[in-house]
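Throughout, residue positions are numbered sequentially from 1 according to the sequence presented. Counting starts at 1 for both ligands and their atoms, following the listed order.
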Amino acid sequence: MPLVTTKEMFKKAAEGKYAIGAFNVNNMEIIQGIVEAAKEEQAPLILQVSAGARKYAKHVYLVKLVEAALEDSGDLPIALHLDHGEDFEICKTCIDGGFTSVMIDGSRLPFEENIALTKKVVEYAHERGVVVEAELGKLAGIEDNVKVAEHEAIFTDPDQAAEFVERTGVDSLAVAIGTSHGAYKFKGEPRLDFERLQRIVEKLPKDFPIVLHGASSVLPEFVEMCNKYGGNIPGAKGVPEEMLRKAAELGVRKINIDTDLRLAMTAAIRKHLFEHPDHFDPRQYLKDGREAIKEMVKHKLRNVLGCSGKAPEILEEIKKNRG
Ligand code: G3H
Ligand code: 13P
Ligand code: ZN
């Protein structure tokens, strides 16, 4: 099975009210940990690559590593996605360079400019069988003292979302409902604007795939382990997993996770080096990092995203569509 787009994944996920995990990849051990987890869980996967990842590892290495993972995974539906493409050029490079899905992130632009840019990428991508994610609204945490006007200005407007999707022809839409990137998402209690999410779902075409960025839970077990073995990341807080389950229930079909991978890998490596000060072979500690990623991703696939065991129904749908 070659790399696939997200089309059939999102269709089946909508039918079954589950979400697909989109995991950020930067090196071989991260890719192997995630793909091993998906293999054991028979789950679909989106592997996503940021501009920073391309800069760190080089485009060609990441594409070849993902191709190798695909070959090693048996028959899993895996999409390769560009995360937060900031302009047409990077999207074009990834579309031409083997990706099956790209994100054009025009969320910093005024509405009409975001539409124009997204439309341009959609036209180029669709002609080449690649799907496109866009973003409307800006990610930010909900602050207790935020004014309503500010709140409305940052979060995705449901009417605008409907107009945006209709005018751009985009395949999925990332929305801002209170999540943010990184390990410090909430100062007080975690809160997401589910009422807004519901209104967005109602305004969009039936079963239109919604994407949630900044969806790491910043699992306390890994934060504590990092801090215990020499790290210093106090006050880190993420999106509680029951909120992610609720988001999937309401219509979120792609859940982006990067920070949880970083924390799992770093915690395991810190622990390893602390317990084995005599070790200096990178394979010894990277193995532990890879294993921690695998176990964390298995937990997400099974207990949070609800997509364990869903690979066969997606593969069947893909085969049906290919005739
Ligand atoms: O959305 C941000 C992702 O976590 C990627 O982060 O740009 O540091 O690779 P990065
Ligand atoms: P986290 O920082 O919450 O993992 O979000 C990742 C993300 O949204 C990548 O696009
Ligand atoms: Zn993101």
Side-chain angles (χ1 to χ4, degrees), residues 6 19-27 29-31 33-34 45-59 61-62 65-66 79-87 90-91 94 99 101-108 114 132-142 154-156 172-186 190-192 209-220 222-223 226 233 235-241 243-244 247-248 252-267 292-293 296-297 299-301 304-305:
T6 51
I20 311 291
F23 300 95
N24 284 73
V25 299
N26 292 276
N27 68 16
E29 285 75 12
I30 295 173
I31 293 173
I34 298 165
L45 266 187
I46 299 171
L47 297 177
Q48 56 186 14
V49 168
S50 68
R54 288 175 79 249
K55 197 169 164 199
Y56 171 75
K58 286 193 182 176
H59 180 102
Y61 283 81
L62 292 170
L65 282 169
V66 169
L80 176 56
H81 173 77
L82 168 66
D83 192 27
H84 293 285
E86 67 165 4
D87 53 31
I90 190 171
C91 291
C94 289
F99 284 47
S101 174
V102 293
M103 175 187 191
I104 175 67
D105 183 356
S107 60
R108 68 194 179 280
N114 190 358
V132 181
E133 171 186 327
E135 181 167 323
L136 190 63
K138 279 200 198 98
L139 290 206
I142 301 177
I154 294 166
F155 286 17
T156 307
S172 59
L173 186 70
V175 298
I177 57 162
T179 61
S180 58
H181 292 109
Y184 303 92
K185 300 190 192 295
F186 303 100
R191 269 202 297 163
L192 296 187
I210 293 174
V211 180
L212 196 61
H213 282 248
S216 279
S217 295
V218 188
L219 297 161
F222 295 120
V223 175
C226 281
I233 40 176
K237 200 181 282 181
V239 183
E241 291 183 335
M243 286 193 180
L244 298 175
V252 167
R253 298 290 158 246
K254 174 173 179 273
I255 290 194
N256 283 13
I257 296 173
D258 188 1
T259 301
D260 281 342
L261 297 165
R262 296 177 181 191
L263 288 170
M265 186 167 215
T266 303
I293 282 186
M296 190 278 290
V297 172
H299 158 71
K300 293 281 178 186
L301 298 171
V304 182
L305 302 158

For [Y], does its backbone N or O pair with a side-chain atom of [X] as donor and acceptor, under 3.5 Å?
X      : Y      : result
Asp87  : Ile90  : yes
Ser101 : His81  : no
Arg108 : Glu86  : yes
Ser217 : Val239 : yes

If you define the side chain from C-beta out and look only at heavy atoms, does anything of [X] sit under 4.5 Å from [Y]?
X      : Y      : result
Glu241 : Lys300 : yes
Leu301 : Phe23  : yes
Asn256 : Thr179 : no

Contact summary for [X] and [Y], nearest pair of heavy atoms:
X      : Y      : answer
Ala264 : Ala292 : O-CB, 3.6 Å
Ala79  : Thr6   : CB-CG2, 4.0 Å
Val252 : Ile255 : CG1-CG1, 3.7 Å
Ala22  : Lys254 : CB-CE, 3.5 Å

- Only one of Thr259, Thr266, Asp260, Asp258 forms a side chain to side chain donor-acceptor pair (under 3.5 Å) with Arg262, so which one is it?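 The passing option is Asp258.
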Can you list the ligand 1 atoms lying under 4.0 Å from a non-hydrogen atom of [X]?
X      : answer
Asp258 : 3 (C), 4 (O), 5 (C), 6 (O)
His84  : 1 (O)
Asn24  : 3 (C), 5 (C)
His181 : 1 (O), 2 (C)
Asp83  : 1 (O), 3 (C)
Ser50  : 5 (C), 7 (O), 9 (O), 10 (P)

- Task: Anything protein N/O/S under 2.8 Å from the Zn ion (ligand 3)? Just list residue and atom, please.
- Result: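 You should have found His84 NE2, His181 NE2, His213 ND1.
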- Item | NE2 on His181 to NE2 on His84, rounded to 0.5 Å | 3.0 Å
- Message: Among all protein heavy atoms in this structure, tell me which lies nearest to atom 10 (P) of ligand 1, with the distance rounded to 0.1 Å.
- Response: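 Result: Arg262 NH2, 3.5 Å.
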Check each N or O atom of ligand 2 against all protein N or O atoms and list the pairs under 3.5 Å, with atom names and distances to 0.1 Å, one per line.
residue, atom, partner, partner atom, Å
ligand 2, 2 (O), Gly182, N, 2.9
ligand 2, 2 (O), Thr259, OG1, 2.6
ligand 2, 3 (O), Lys185, NZ, 2.5
ligand 2, 3 (O), Ala215, N, 3.2
ligand 2, 3 (O), Ser216, N, 3.0
ligand 2, 4 (O), Ser216, OG, 2.6
ligand 2, 4 (O), Asp258, N, 2.7
ligand 2, 4 (O), Thr259, N, 2.7
ligand 2, 4 (O), Thr259, OG1, 3.4
ligand 2, 5 (O), Gly214, N, 3.3
ligand 2, 8 (O), His181, NE2, 3.1
ligand 2, 8 (O), His213, ND1, 3.4
ligand 2, 8 (O), Gly214, N, 2.8
ligand 2, 10 (O), Asp83, OD1, 2.9
ligand 2, 10 (O), Asp83, OD2, 2.7
ligand 2, 10 (O), His84, NE2, 3.2
ligand 2, 10 (O), His213, ND1, 3.1
ligand 2, 10 (O), Asn256, ND2, 3.1

- Message: Quick check on Met103 - does any of its heavy atoms sit under 4.0 Å from an atom of ligand 1?
- Response: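 Judged by the 4.0 Å heavy-atom criterion, Met103 does not count as contacting ligand 1.
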